[in-house]
Amino acid sequence: MRQCPGRYVHGEGIPVGGTEARDGKEAAGNAGDAGTARTTGGAGDADGPGGPPAPGGTAGGAKVPAALTTPRGRRPVVAALMLGMALAAIDGTIVSTAVPQIVGDLGGFTVFSWLFSGYLLAVTVTLPVYGKLSDTFGRKPVLIAGIVLFLVGSLLCAAAWNMGALIAFRVIQGLGGGALQGTVQTIAADLYPLKERPRIQAKLSTVWATSAVAGPVVGGLLAGYADWRWIFLINLPVGAIALWLVVRHLHEPARPRPKTRPRIDWAGALAVFATGTLLLTALVQGGVAWPWLSAPSLGLFAASAALAALTVVIERRAAEPIIPGWVWRRRTIASVNLALGAMGLLMVAPTVFLPTYAQSVLGLGPIAAGFVLSVMTLSWPVSAALSDRVYNRIGFRLTAIIGMSAALLILLAFPLLPYPGEPWQPALIMLLLGAALGLFQLPLIVGVQSTVGWAERGTTTASVLFCRQVGQSIGAAVFGAVANSVLAARLLDAPAPGLPDDLDAVARALEDPGALSVAATDHLRRAVDAAVDYVYIGAAGAAALALLALVVLAPRRFPVITETVPTETDGKQDTSA
């Protein structure tokens, strides 16, 4: 079977054989060059071995089955990926609108936040495990297992008899959601060559954008006119279609039987799971269920630190570690992990605090406040889809730097908005922020996936998503503490005694303005405005950290691996890449 040499993205691609290229070297090939590329001297460091070529392929990429190299052949698989991503994307937003009905039916108001925290914990801590499993046993079995777990969890959630059972079943859902998020992104990179990856990534971004808007609407309709249990039951037909499409149409490259039986690092997987669970529990519950400096918080942080050290020891001794050391030794992957972790940190400002700002300061209803946020999801996928026109010319790193620099300026503009202002003003900020972050995130994901071969892509993708999720958890904890401390300081000279001093309580008090005097209401609104302003300043600081990671750690040119993607035309191999 004849194979064609990979093409090169201008300024990015360099030929890679059995070992990974040096990060600092720059390719000089143009997009139309086939078979040759010229490298100029650079000051980069060697990333180290990139591992053997992936099974069934050369130069770092496994050969995609010919049936999946044409648009018609890919179409059902792409549909399955989008449906699978929709299951994970819509889950959080659709449940949030039904919380009053769920609590009214099952009780458990004091622990209902674990409906979200439990799901988030399960998704986050399992991402590295599923990434390694997909590299070891293939993407298809991991994706099938994830869909099945998610559907079983959904069915159990619909049958829950009390809040404790519902939380436990949400954790099962999260175990499936972790497989869905990481594996869908990995398969998308497997199916499409570098020059076509923005197309599929833009589609997946559109799924997230649509879910952000449709989730609250669908959840509210089902909870108001049917029953909250249907929120989980509607996952079953969607997931069943995705499962059927995956089983029938996803064909992975043939892999030679390994000489030795693959060994699963169960000790490492358990250590990663336990460390992540304790750390995220401390971050999610600290300042909410107990004070930050209380015994539970300090104990959880100390235990997570000890387990993290134990995890490092286990992973260094493991033959096939769940989190290999090369994830952090290679400059490209390490810098992208840190940059996207910082992005997860800054994303807390708009997603968590902007709705509160819109309702408490601008006086909007929940639906209108949701639309102020949702405009960000309109510009994000458009910017992501067009980002390839930028990074094909100037490179992944510089494109991401431009996107995050714009995001930094936009975040700093938020505190300059007038009080109380008009709804279109924060909406415009969010529209611009979505465009900037689309220009930042997609080039980094596409770029880092293109620096590894098939056998390492699942682990690499999972590490990126894991860092982003951890960043979001840290951001929620840090910015929540910032907002509450600003509120407490602003309420020291409140015009009326007994006013609430944390953001959630203030938001609830402002929902019933008749219970407060005009002066007290205005004081609370100004306090919320100041608190959210400081959160956005903190988010700008996170944007600066992302820029620092890219400027200091990221190589000037990503070492893109050439991949062979055979196609069939009239029964013969097509040599176009």
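When reading the values below, keep in mind they use all heavy atoms of this one structure, side chains included, and skip hydrogens, waters and symmetry mates. On a predicted model such as this, the values are computed, not experimentally measured, just so you know.
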Throw together a table of side-chain donor-acceptor distances under 3.5 angstrom for residues 175-187, partners on residues two or more places apart or in other chains.
from   : atom 1 : to     : atom 2 : distance (Å)
Thr183 : OG1    : Ala179 : O      : 2.7
Gln185 : OE1    : Gln201 : NE2    : 3.2
Thr186 : OG1    : Gly182 : O      : 2.9

If you look only at distance, which donor and acceptor atoms sit under 3.5 Å apart when one is on a side chain in residues 416-426 and the other is two or more places apart or in another chain?
from   : atom 1 : to     : atom 2 : distance (Å)
Tyr419 : OH     : Asp522 : OD1    : 3.2
Gln425 : OE1    : Glu422 : N      : 2.9

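Legend: ring pair (Phe, Tyr, Trp, His ring centres under 6.0 Å) pairs involving residues 460-490, not counting sequence neighbours: none detected.
Thr451 places a side-chain N or O within 3.5 Å of a backbone atom of Val448 that can act as its donor or acceptor partner. Side-chain atoms of Asp529 do not come within 3.5 Å of backbone N or O of Arg525 as any donor-acceptor pair. Counting only distance, with no hydrogens or angles, the side chain of Glu315 and the backbone of Ile323 share a donor-acceptor pair below 3.5 Å. A distance-only check finds a donor-acceptor pair linking the side chain of Thr126 to the backbone of Val123 [under 3.5 Å].
Geometrically, Arg329 does not engage Trp326 in a cation-pi contact defined by less than 6.0 Å to the ring centre and at most 45° from the axis.
The two residues Val375 and Ala427 make their nearest non-hydrogen contact at CG2-O, 3.2 Å. The nearest pair of heavy atoms linking Ala483 to Phe353 is CB-CE2, 3.7 Å. The two atoms that bring Ile322 and Ala269 nearest to each other are CG1-N, 3.6 Å, heavy atoms only. Counting all heavy atoms, side chain and backbone alike, Gly438 lies closest to Ser383 at C-OG, 3.7 Å.
Taking the six-membered ring for Trp and thresholds of 30 and 60 degrees, Tyr119 and Phe150 have ring planes more than 60 degrees apart, a perpendicular arrangement.
Separation of atoms CE (Met82) and CG (Leu87) is listed at 12.5 Å; rounding is to 0.5 Å. A distance of 5.0 Å separates CG of Leu432 from CD1 of Ile410, quoted to the nearest 0.5 Å. Here OH of Tyr357 is found 4.5 Å from CZ of Phe414. Values are rounded to the nearest 0.5 Å. Rounded to the nearest 0.5 Å, atoms CG (Leu442) and OG1 (Thr399) are 10.5 Å apart. In this structure, Arg468 CZ and Leu127 CG are separated by 9.0 Å, a value rounded to the nearest 0.5 Å. Atom CD of Glu456 is separated from atom CG of Asp135 by 7.5 Å, given to the nearest 0.5 angstrom.
In this structure the side chain of Val390 reaches within 4.5 angstrom of the side chain of Leu439, judged on heavy atoms. When side chains are defined from C-beta on, Leu120 counts as touching Gln469, because their heavy atoms get closer than 4.5 Å. The shortest distance between side-chain heavy atoms of Phe440 and Ile402 does not fall below 4.5 Å. In this structure the side chain of Val125 never reaches within 4.5 angstrom of the side chain of Val272, judged on heavy atoms. Looking only at side-chain heavy atoms (C-beta outward), Leu121 and Val171 stay at 4.5 Å or farther from each other. With contacts defined as side-chain heavy-atom distances shorter than 4.5 Å, the pair Ile429/Leu411 does not qualify. Between Arg557 and Arg397 the shortest side-chain heavy-atom distance does not fall below 4.5 Å. Ser360 is not listed as a side-chain neighbour of Leu524, based on a closest heavy-atom distance of 4.5 Å or more.
For the side chain to side chain contact (heavy atoms under 4.5 Å, CB included) criterion with Ile445, the lone passing option out of Leu204, Leu340, Thr460, Val336 is Leu340.
With 3.5 Å as the limit, one finds no donor-acceptor pair spanning the side chains of Thr275 and Ser304. In summary, the side chains of Ser450 and Arg197 do present a donor paired with an acceptor at a separation below 3.5 Å, with no hydrogens or angles considered.
Within 6.0 Å of atom CZ in Phe301, more than 12 heavy atoms from other residues, nucleotides or ligands are found, so the atom counts as buried in its surroundings.
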Practice problem: Please step through side-chain contact (heavy atoms from CB on, under 4.5 Å) for the pair Val532 and Thr356, ending with a clear verdict. | Solution: CA-CA 9 Å; Val532 177; Thr356 300; 5.7 Å; no
Exercise. Go through Leu444 and Leu550 one step at a time and tell me if the side-chain contact (heavy atoms from CB on, under 4.5 Å) criterion holds.
Key: CA-CA 10 Å; Leu444 290 184; Leu550 293 177; 4.0 Å; yes
